[in-house]
Every structure is written in structure tokens, then in C-alpha cells.
Amino acid sequence: MEQRKHPRYPVKFNSSFSSANIVTGEGTLIDLSLRGCHIASTTDVKPGTTIKVSIQVSPNEPVLHIDQAVVRWYRAAHFGIEFVTLSAEGWARLQRIVKGLEEQPYRRTSAEAEAA
């Protein structure tokens, strides 16, 4: 079994995606990494399809745009994508988001220790 190069972190972010004249839909990100994500959606997508993705990380933040991603797998209303192209600003923001997800268990543990 292939090992992932980048750890994935569980999330629940709203998203939308589209591909020129092929597919358009909405879904929920289930996990996120620096190189891709897993989306739950009732829209059927075919592996190999190139899509644009918009991710709503928080209602208080602007949408994160992935300019180009490739669908790598699809199974029962879930699919995985690999990020291919992001703007420099998008890439920096994705790195900050993933870094924050990576630190969450440590922040939670510290807050629990301070509360005790």
C-alpha cells in the first residue's frame, strides 16, 4: 500500500468545484493536506477530470481557490483530488491552514492543561 507524502487532517469545510462543461457541484471536505483533499459530494466525478475548487475554510475568511486539481479516485459519493496549480497567495494560505490544523491537537492539550 502506498504511503502518503503529506499527512491529511480531518476537516469539515464547504466547497464547490467545476470543470469546463464537464461537471459542477458542491461538497464537504473531509480531510486536507498540502497536496490534496477528500471531498464528499453527491456529484459524480470521473478520475482524471481536471477541476477548479473553492474551499470555504471559515465564514469569516475569503474562499481559498485551487486553480487546478485532478480527481485521483471516486467511490460512493466521495472523491480525492490532487492540487496542481494555486496562486502564490493561495499556496501561502494553504500552508498556513494546514500548519494550523497540524498544531490543533497541541493547542487543545495546552488549553486543557491550563484549565486543570
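Position 1 is the first residue of the sequence, and the numbers go up from there. What you see is a predicted model; the values in this text were computed from it and never measured.
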Who are the side-chain hydrogen bond (donor to acceptor under 3.5 Å, both in side chains) partners of Glu26, not counting sequence neighbours? none

Heavy atoms, side chains only, cut-off 4.5 Å: are Leu32 and Phe83 in contact? yes

Looking at CG of Asp31 and CZ of Phe13, how far apart are the two atoms once the value is rounded to the nearest 0.5 Å? 11.0 Å

side-chain contact (heavy atoms from CB on, under 4.5 Å) for His65 and Lys52? Distances and angles first, verdict last. CA-CA 8 Å; His65 295 284; Lys52 291 182 178 189; over 6 Å; no

Do Ile55 and Leu34 share a hydrophobic cluster (ILVMFWY, side-chain heavy atoms under 4.5 Å, transitive)? yes

Indicate, with yes or no, if Ile51 and Trp91 share a hydrophobic cluster defined by side-chain heavy-atom contacts under 4.5 Å among Ile, Leu, Val, Met, Phe, Trp and Tyr. yes

SG of Cys37 to CD of Glu82, rounded to nearest 0.5 Å, is 11.0 Å

Pairwise side-chain contact, Thr28 with Asn14, heavy-atom cut-off 4.5 Å (strictly under): yes

Looking only at atom types and distance, does a side-chain atom of Gln68 sit under 3.5 Å from a main-chain N or O of Val53, one as donor and one as acceptor? no

Does any part of the side chain of Thr49, heavy atoms only, come nearer than 4.5 Å to the side chain of Tyr74, both counted from C-beta? no

Nearest heavy-atom pair of His38 and His78: which atoms, and what distance? NE2-ND1, 2.8 Å

How long is the gap from CG on Leu29 to CD1 on Ile81, to the nearest 0.5 Å? 7.0 Å

Rounded at 0.5 Å granularity, tell me how far OG in Ser33 sits from OH in Tyr9. 9.0 Å

How long is the straight-line distance from CZ of Arg93 back to CD of Glu89, given to the nearest 0.5 Å? 8.0 Å

Give a yes or no on whether the backbone of Ser18 and the side-chain of Thr24 come within a donor-acceptor separation of less than 3.5 Å. no

For the side chain of Ser15 and the backbone of Gly27, is there at least one donor-acceptor N/O pair under 3.5 Å apart? yes

Rest of the hydrophobic cluster containing Val84 (Ile/Leu/Val/Met/Phe/Trp/Tyr, side-chain heavy atoms under 4.5 Å)? Val70

Using side-chain heavy atoms (C-beta onward) and a distance below 4.5 Å, is Lys46 in contact with Val71? no

What is the minimum heavy-atom distance between Phe79 and Trp73, and which atoms define it? CB-O, 3.0 Å

Same cluster for Leu101 and Leu64 if Ile/Leu/Val/Met/Phe/Trp/Tyr side chains link at under 4.5 Å? yes

According to a hydrophobic-cluster definition based on side-chain heavy atoms being under 4.5 Å apart (Ile, Leu, Val, Met, Phe, Trp, Tyr only), do Val63 and Val57 belong together? no

